Amino acid sequence: MRIGIICPSVPGHINPMSALGRELMRRGHQITFFGVLDSETWILSEGLSFCPIGDSEFPVGMHQENIARLGHLSGMAVLRYTLHMLQLRTTMILCDLPRALKSQQIDALLVDQTDLAAATVAQACEIPFVTICNALPTNPEPTIPPFFTSWSYGTDLWRQMRNRAGYAFFRYLRRPILTTIEQYRQNSHLPLFRDYHRYNSRLAIIAQIPRELDFPHQFLPPWFHYAGNFRTSTPSHVSFPYERLTGQPLIYASLGTLLNRVREVLCCIVDACMGLDAQLVLSLGGGSQVEEYPDLQKHALIVNYAPQLDLLARARLTITHAGLNTVLESLSQGVPMVAVPTGNDQLGTAARLAYAGAGVVVPRSKLNAARLGTAVRRVLTTDSYRERAVSLQAAIQRAGGVQYAADVIEQAMAVSIQEKPQAPGMD
């Protein structure tokens with residue numbers, strides 16, 4: 001089967017999608033990744049075929065410039081700028097993806113849940129598709145706080161009212177994207193959708209988290225699957241000065257590869273760990289260069305990039321931005337966390353981490369070295385955090401990961417071929 005893959009061209013989405021693509025390719029399927037030109041080298045290095053889209057809207061370098069701007073933002077500004085980029089991406093997908101799917105003779109499509117436009121194109125082209133939640137699932141429910149908030153879970157009335165207000169605010173912010181998609185649907189003689197969930201596949205929705213890490217949903221469809229993290233290996237080209245490890249308990253810190261360009265946060269992390277009987281390894285994730293921090297290198301081992309999974313296997317604690325991939329990789333090693341979320345779904349992931357009891361959250365608005373140091377010492381010295389992390393490690397192993405996700409995809413496509421239903425989500 002010729003399977004296409006489309007997702008935002010950022011590590012938190014490309015990394016898990018690439019792992020899924022390689023597993024499907026191992027099973028004999030032909031895999032083609034659709035993306036902007038800036039992601040071509042990256043996708044090819046993953047061993048996948050690449051088909052460019054958006055050449056005129058996203059010439060070489062433009063996507064990276066947008067990501068660089070995003071790296072300096074925090075809070076609501078992150079969400080607003082992310083939606084701005086998604087608006088540009090939506091227009092590009094609706095314009096270019098139909099032609100690209102036809103040229104590659106795609107039989108089925110894997111669509112990131114954030115790419116509502118790609119789901120609509122699949123329906124218009126009558127191509128069966130499966131929804132992949134590489135980030136937090138965004139399926140709205142009254143008791144589930146919106147993914148971009150740090151709100152706690154609860155079933156009482158005031159929390160449900162708060163959540164409804166949050167979803168309404170998000171619909172307002174996302175209105176330009178939905179208006180663009182609705183115009184395309186109207187021109188393509190597709191039904192207009194009032195409910196967000198109808199943009200998801202009716203064949204399968206696969207989430208890259210274990211059920212135990214999510215808030216307790218009550219209204220997920222039967223075809224929703226919790227699979228756990230897809231990516232289980234670190235790229236071999238990432239080098240690391242292992243000879244500089246001291247043998248002390250290891251604290252691994254990373255702010256990911258997007259929202260990582262805030263110097264004061266990096267300084268705060270180093271200051272918070274000073275005086276501990278531990279070695280801090282700080283990965284900059286490409287947001288800056290080691291040479292920019294000569295003062296901090298006296299107190300921490302700082303690298304531009306790190307073999308994250310290998311270091312997490314040695315770590316006692318992770319200090320993280322609460323990006324979903326880092327959280328999942330830490331839990332896969334049974335490592336508890338201190339989370340300092342910046343924006344978007346990092347806030348919701350951190351809230352779920354605290355709810356699961358495997359970490360402590362320090363809000364950016366309250367971040368200082370003293371408060372972060374207290375959180376670090378609390379997690380290091382309280383057994384329950386590691387115990388909950390180990391419990392979630394077992395839950396991830398039970399979930400099945402990329403193999404289970406590939407099984408679900410193959411079964412869903414087999415049903416689609418046998419029954420030949422109308423395009424998913426059209427009822």
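The chain is numbered in sequence order, starting from 1. Bear in mind the structure is a predicted one, so any value in this text is a computation, not a measurement.
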Practice item. With sequence neighbours excluded, tell me which residues meet side chain to side chain donor-acceptor pair (under 3.5 Å) with Y199. Key: none
**Study point:** NZ/NE/NH1/NH2 to OD/OE distance under 4.0 Å, R175 and E182
**Key:** yes
Review point. In a check of side chain to side chain contact (heavy atoms under 4.5 Å, CB included) between D96 and each of L101, T91, D55, I53, which one passes?
Key: I53
Point to revise | Lys/Arg-Asp/Glu bridge criterion (N-O < 4.0 Å) met for D214, R211 | key: no
Point to revise | Q208 and R231: side chain donor to acceptor below 3.5 Å | key: no
Exercise for review: Say whether, by atom type as modelled, one donor and one acceptor occur between the side chain of D107 and the main chain of I3 under 3.5 angstrom.
Suggested key: no
Point to revise | With sequence neighbours excluded, residues passing ring pair (Phe, Tyr, Trp, His ring centres under 6.0 Å) with H13 | key: none
**Study point:** Residues forming a ring pair (Phe, Tyr, Trp, His ring centres under 6.0 Å) with Y355, sequence neighbours excluded
**Key:** Y153, F215
Exercise for review: State, to 0.1 Å, how close I93 and V121 come at their nearest heavy-atom pair, and which atoms those are.
Suggested key: O-CG2, 4.0 Å
Exercise for review: Taking atom types as modelled, find out whether N229 and E329 have a side-chain donor-acceptor pair closer than 3.5 angstrom.
Suggested key: no
Check your understanding: Which pairs, with at least one residue in residues 162-171 and sequence neighbours excluded, count as a side-chain hydrogen bond (donor to acceptor under 3.5 Å, both in side chains)?
Key -> none
Exercise for review: Would you indicate whether R27, at its atom CZ, is surrounded by more than 12 heavy atoms from other residues, nucleotides or ligands within a distance under 6.0 Å?
Suggested key: yes
Point to revise | Qualifying residues under side chain to side chain donor-acceptor pair (under 3.5 Å), relative to T90, sequence neighbours excluded | key: none
Check your understanding: Minimum heavy-atom separation for I206 to A227, with atom names?
Key -> CG2-CB, 3.8 Å
Review point. Considering all heavy atoms of both residues, which atom of R352 and which atom of P145 are nearest to each other, and what is their separation?
Key: NH2-O, 4.0 Å
Exercise for review: With sequence neighbours left out, write down each residue that passes ring pair (Phe, Tyr, Trp, His ring centres under 6.0 Å) with F147, or none if nothing qualifies.
Suggested key: F170
Practice item. Go through the structure and list residues passing ring pair (Phe, Tyr, Trp, His ring centres under 6.0 Å) with H217, not counting sequence neighbours. Key: none
Point to revise | Inter- and intrachain pairs under salt bridge (charged side-chain N to carboxylate O under 4.0 Å, His left out), touching residues 132-142, at least two apart | key: none
**Study point:** Pairs touching residues 77-94 that satisfy salt bridge (charged side-chain N to carboxylate O under 4.0 Å, His left out), sequence neighbours left out
**Key:** R89-D115
Point to revise | Non-neighbouring partners of A354 that pass side-chain contact (heavy atoms from CB on, under 4.5 Å), sequence neighbours left out | key: V361
Practice item. Decide whether N187 and Q183 meet the rule of one side-chain donor and one side-chain acceptor closer than 3.5 Å. Key: yes
Side-chain donor/acceptor pairs under 3.5 Å, residues 392-401, sequence neighbours excluded:
from : atom 1 : to   : atom 2 : distance (Å)
Q393 : NE2    : S332 : O      : 2.9
R398 : NH2    : E212 : OE2    : 3.4

Review point. Without hydrogens or angle criteria, can the side chains of S391 and R388 be said to hold a donor-acceptor pair below 3.5 Å?
Key: yes
**Study point:** Donor-acceptor under 3.5 Å (T131 side chain, S201 main chain)
**Key:** yes
Practice item. Provide the closest heavy-atom pair for I31 versus G21 in the form atom of the first, atom of the second, distance. Key: CG1-O, 3.5 Å
Practice item. For A118 and I6, work out which heavy atoms get closest and say how close. Key: CB-CG2, 3.7 Å
Check your understanding: Taking only residues two or more places apart in sequence, or in another chain, which ones meet R174 in a side chain to side chain donor-acceptor pair (under 3.5 Å)?
Key -> none
Revision key, fill the gap. Nearest heavy-atom approach of I177 to L83 is CD1-O, 3.7 Å
